[in-house]
Amino acid sequence: MFALVDAVSFYASAEKVFDPALRTKPVVVLTNNDGCICAVCPIARKLNIPKFQPYFKMKDYLAKHNVVIRSSNYELYADLSENMMNVISRYCDNQYVYSIDESFLQFTGFKSLINDWHEYGHKIRRAVWRETKLPVGVGFGTTPTLAKAANHAAKKLTGYNGVAIIDTEASRIEILAKMKVTDVWGIGSRLGKKLKLMNINTAFDLANCNARDMGRLFSVLVERTISELNGIQCLSWDEIKQAKKEIFSTRSFGKRIENRDSLASALTTHCTIVARKLRRQGSLTKRIVIFAASSPHEDHYYKKSFIYDFPVATSDTCVLAHAVSIVLPNLFKSGVRFYRCGVGAIELESAEFKQTDMFNISEDKPQLMACFDQINRRFGQDTLKLASEKSTVPWQMKRHFLSPHFTSRWQDIPKIRC
DNA sequence: TCTGGGGTCCTAGGACCC
DNA sequence: TCTGGGGTCCTAGGACCC
């Protein structure tokens, strides 16, 4: 049995944790740079506010309905996520954190203790609410994809009230028949359109297709999804947990930049993020891509990327940053109003089995990096940085509606009056 | 005044090699 | 009469997720 536990519109719920006055109000949260709406709380959902619409297009509508707007406060969300995951981890013997607000659970050693999955799901919900004030949905299923489907039912379909279980043929059919095909994990809007032409509308319709045929028609992913919907497990626990094959850091700028130094400092910052993620995963990269672009919404779209190969795989921030300085003269073009840039590690290998070079030309300083990570983990991500990142950041994100840093800044810690 | 997220993986097609 | 393989690497673009 698998479970998927995730928060109800996590970012919006997170905003309500330390600001209880918001709990009865419609709240939406915007992406970086206040670009799009990325989280809509259940109250706001009733106003038919769509996700991933540009904010400026919805601005008037939100104002008209007195919707509370917040910029993404990732420092806060990361802390609340950690608290939430810790509580959940007590209820299983194997947890995989799949995204900031979702985790898959396995109960191998717990089975004898659980005689009622329904009651157990509610137990998890109550504990998370009691300890973190975050509402979660719990879905149980015999495959990861069915657990995802049950989770969808728990939160979106009427009558489930936060917990749903797919463990029998009847419960499987009941839930899948009520789900749109595009609500299935792995089926997006594009595939949804094509499936509709084939008269496949619900998750149950899809489950009844021949997996092999559909695999040939679309992709292996679709084939696996169909099998999983039929209770045939294709994604093993290890596969779910598999190390990432690519690691990217990209961002658009708060305002356009046109000078070379700013672009250099932004790219260096992306290097530090990518290198940090690599080290956390225990990976090294042999190859990175460095890119910069103007806005695709403007005329004269400029986009350029360079591949940089390292002689020896690395996860050293300084080595990655050096690659930026080499590539930059070819990437930067004066007159271009840069809108976005990024760095991606695209050929990863395990740090455990590092291939060294006969002449030992590696410039990695693993101990320095370990120290670097330790200090930044303890005192905040910006405590130590490369000089080339610069301290003044003209390209910083727009976050006009930011809530206080309740958990990560002394002066923002909530005060309780007795 | 101007404004449009961020991350990961897969596939198809071309180029090249033996 | 018609016919010619199989593997790897690279890249761009598509698709999905939250």
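Since this is a predicted model, take the numbers as computed values, not measurements.
- Within residues 191-218 of chain A, no residue has any heavy atom closer than 4.0 Å to DNA chain B.
- The residue A:Ser295 sits apart from the nucleic acid: no heavy atom pair falls under 4.0 Å.
- Note: A:Phe2 and A:Trp185 fail the aromatic proximity criterion, with ring centroids not under 6.0 Å apart.
- When base pairs are accepted only as Watson-Crick or G-U wobble with both N-N or N-O distances under 3.5 Å, DNA chain B takes part in stems of 3 or more pairs at B:5-18 with C:5-18.
- Residues satisfying the side chain to side chain contact (heavy atoms under 4.5 Å, CB included) test with A:Leu191, not counting sequence neighbours, are A:Ile187, A:Phe218, A:Val222.
- Counting any heavy atom pair closer than 4.0 Å across all strands shown, A:Ile100 reaches no nucleic acid atom.
- Among the protein residues, A:Ser72 comes within range of no part of the nucleic acid, since none of its heavy atoms lies under 4.0 Å from any strand.
- For A:Tyr77 and A:Tyr11, the ring centers are positioned less than 6.0 Å apart.
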Validation: residues 153-160 of chain A side-chain donor-acceptor distances under 3.5 Å, sequence neighbours left out:
unit_1, atom_1, unit_2, atom_2, d
A:Lys155, NZ, A:Asp6, OD1, 2.9
A:Lys155, NZ, A:Asp6, OD2, 3.0
A:Lys155, NZ, A:Ala7, O, 3.4
A:Tyr160, OH, A:Glu174, OE2, 3.3

Would you be so kind as to tabulate the donor-acceptor pairs closer than 3.5 Å made by side chains of residues 121-139 of chain A, with sequence neighbours excluded?
unit_1, atom_1, unit_2, atom_2, d
A:Arg125, NE, A:Val136, O, 2.8
A:Arg125, NH1, A:Asn161, O, 2.9
A:Arg126, NH2, A:Glu119, OE2, 3.1
A:Glu131, OE1, A:Arg90, NH1, 3.4
A:Glu131, OE2, A:Arg90, NH2, 2.7
A:Thr132, OG1, A:Val128, O, 2.6
A:Thr132, OG1, A:Leu134, N, 3.3
A:Lys133, NZ, A:Trp129, O, 3.4

List the atom pairs, with distances to 0.1 Å, where a side-chain N or O of residues 340-351 of chain A and a protein N or O form a donor-acceptor pair under 3.5 Å, not counting sequence neighbours.
unit_1, atom_1, unit_2, atom_2, d
A:Ser350, OG, A:Glu352, N, 3.0

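- Near DNA chain B, meaning a heavy atom under 4.0 Å away, the residues from residues 50-69 of chain A are A:Phe52, A:Pro54, A:Phe56, A:Lys57.
- Counting only N and O atoms by type, the side chains of A:Thr269 and A:Glu389 include a donor and acceptor under 3.5 Å apart.
- Boundaries of the chain A contact region on DNA chain C are C:dC10 to C:dC18, first to last in 5' to 3' order (nucleotide atom under 4.0 Å from a heavy atom).
- Aromatic rings of A:Tyr302 and A:Phe338 (six-membered ring for Trp) have centroids within the 6.0 Å cut-off, being under it.
- Using modelled atom types and a 3.5 Å distance limit, the side chains of A:Asn33 and A:Thr31 yield no donor-acceptor pair.
- Within the 4.0 angstrom heavy-atom criterion, only backbone atoms of the sugar-phosphate kind lie near A:Asp101; the bases stay farther away.
- Sorted by first and then second residue, the salt bridge (charged side-chain N to carboxylate O under 4.0 Å, His left out) pairs involving residues 60-74 of chain A (not counting sequence neighbours) are A:Glu15-A:Arg70, A:Asp19-A:Arg70.
- Within 4.0 Å (heavy atoms only), A:Val274 reaches no atom of the nucleic acid at all.
- Applying the salt bridge (charged side-chain N to carboxylate O under 4.0 Å, His left out) rule to pairs touching residues 21-47 of chain A yields nothing, sequence neighbours excluded.
- Sorted by first and then second residue, the salt bridge (charged side-chain N to carboxylate O under 4.0 Å, His left out) pairs involving residues 73-87 of chain A (not counting sequence neighbours) are A:Glu75-A:Arg399.
- Pairs engaging residues 269-294 of chain A under the salt bridge (charged side-chain N to carboxylate O under 4.0 Å, His left out) rule: A:Arg279-A:Asp373, A:Arg287-A:Asp309 [sequence neighbours left out].
- Within the 4.0 angstrom heavy-atom criterion, only backbone atoms of the sugar-phosphate kind lie near A:Ile247; the bases stay farther away.
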